[in-house]
Asks: 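Can you read through this structure? Questions will come right after.
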Amino acid sequence: LRDPALPDPALVVLVGASGSGKSTWAASRFRAAEVVSSDTLRGLVGSGPHDLDASTDAFALLEHIVQARLGRTLTTVVDTLGSDAARRRRWLDLARRAGLPAVVVVLDTPASVCRSRNAARERAVPARVLTSQLASVTGTVAALADEGWDAVHHVRPAADATPPPAPART
Ligand code: ATP
Ligand code: MG
C-alpha cells in the first residue's frame, strides 16, 4: 500500500528516534527490498541488529546499496536514525544525480510513546541513549528546511494506527 502523497520512484529518508515507528511505517508501505535499514545490515555483517561494533561495516554497505539503487532509479527508503547531516547530504545528491525526487519522512512520535514502546521491547535502548536520540531528531528537524528536500512529511501516530475509540457501553 503506497502513500499517495509520496512520489514513486523516489528517495525516502526516514527520521525518528528508536521506537518512533520508522521500520513499521516503512514495512507497511514498501517492499522489503526497497527499505535499506542500518539495523538489518548490522544483523547481516554483525551478530545482530544491535551489534554496534558492526556499525562501520553496516553503514559502508548501506551507502553502497543506496548508491546502487538510486543509480538505477529504484525507490529507496533509508531506515536509520536519520540524524547525520553529511549522510543526508550525500543521499540527496545521489537522488538529484539520478533525477529522482527526494523526500524526508519524520516519525513525529511523542517522546513518551517512544519511551514506553522502547521499554516494552526485548532489546531496549538505554534511557540516556534514547534521550540523546530524541534531542538529535529535534535538531535534525530544524535543519531539514534548509537542505533542499522536495518535501518533508510528518507522520504522527494518531494519523495512522490508532483505532477509533470503542462505543461507550450504557
Ligand atoms: P528502531 O530505531 O529501534 O529501529 P523504529 O523507529 O524502527 O525503532 P519500530 O520498530 O517500527 O520503531 O517500532 C517500535 C515498536 O513500536 C514496535 O514494537 C512496533 O510494533 C510499535 N509500533 C510502531 N509503529 C506503531 C504504531 N503506528 N502504532 C502502534 N505501535 C507501533
Ligand atoms: Mg527500526
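Start at 1 and go down the list; that is how both ligands and their atoms are numbered. Only heavy atoms go into these numbers, but all of them, side chains included; no hydrogens, no water, no symmetry mates.
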Asks: Counting backbone and side-chain atoms alike, does T24 have an N/O/S atom under 2.8 Å from the Mg ion (ligand 2)?
Replies: no
Asks: Pairs of nitrogen or oxygen atoms closer than 3.5 Å, one from D79 and one from ligand 1: do any exist?
Replies: no
Asks: Nearest heavy-atom pair of A143 and R88: which atoms, and what distance?
Replies: CB-NH2, 4.2 Å
Asks: Could you say whether the N/O atoms of D39 and ligand 1 ever approach to under 3.5 Å?
Replies: yes
Asks: Is it the case that over 12 heavy atoms from other parts of the model lie below 6.0 angstrom from the NE2 atom of H64?
Replies: no
Asks: Taking all heavy atoms of N118 and all of S18, pick out the closest pair and write down the distance.
Replies: OD1-OG, 4.3 Å
Asks: At under 4.0 Å between heavy atoms, is it the side chain or the backbone of R117 that contacts ligand 1, or both, or neither?
Replies: side chain
Asks: Among the clusters formed by ILVMFWY side chains lying less than 4.5 Å apart, do V66 and V13 turn up in the same one?
Replies: yes
Asks: Nearest non-hydrogen contact with atom 7 (O) of ligand 1 belongs to which option: S37, S38, C114, S23?
Replies: S23
Asks: Please check if the side chain of R69 supplies one atom and the backbone of T75 the other of a donor-acceptor pair under 3.5 Å.
Replies: yes
Asks: What are the atoms of ligand 1, with element, lying closer than 4.0 Å to any heavy atom of A17?
Replies: 6 (O)
Asks: With atoms numbered from 1 as shown, which atoms in ligand 1 lie under 4.0 angstrom from a non-hydrogen atom of S20?
Replies: 6 (O)
Asks: Please examine the side chains of V35 and W25, heavy atoms only from C-beta on, and report whether any two atoms are closer than 4.5 Å.
Replies: no
Asks: Can you list the atoms of ligand 1 that are under 4.0 Å from a heavy atom of G21?
Replies: 5 (P), 6 (O), 9 (P), 11 (O), 12 (O), 13 (O), 23 (C), 24 (N)
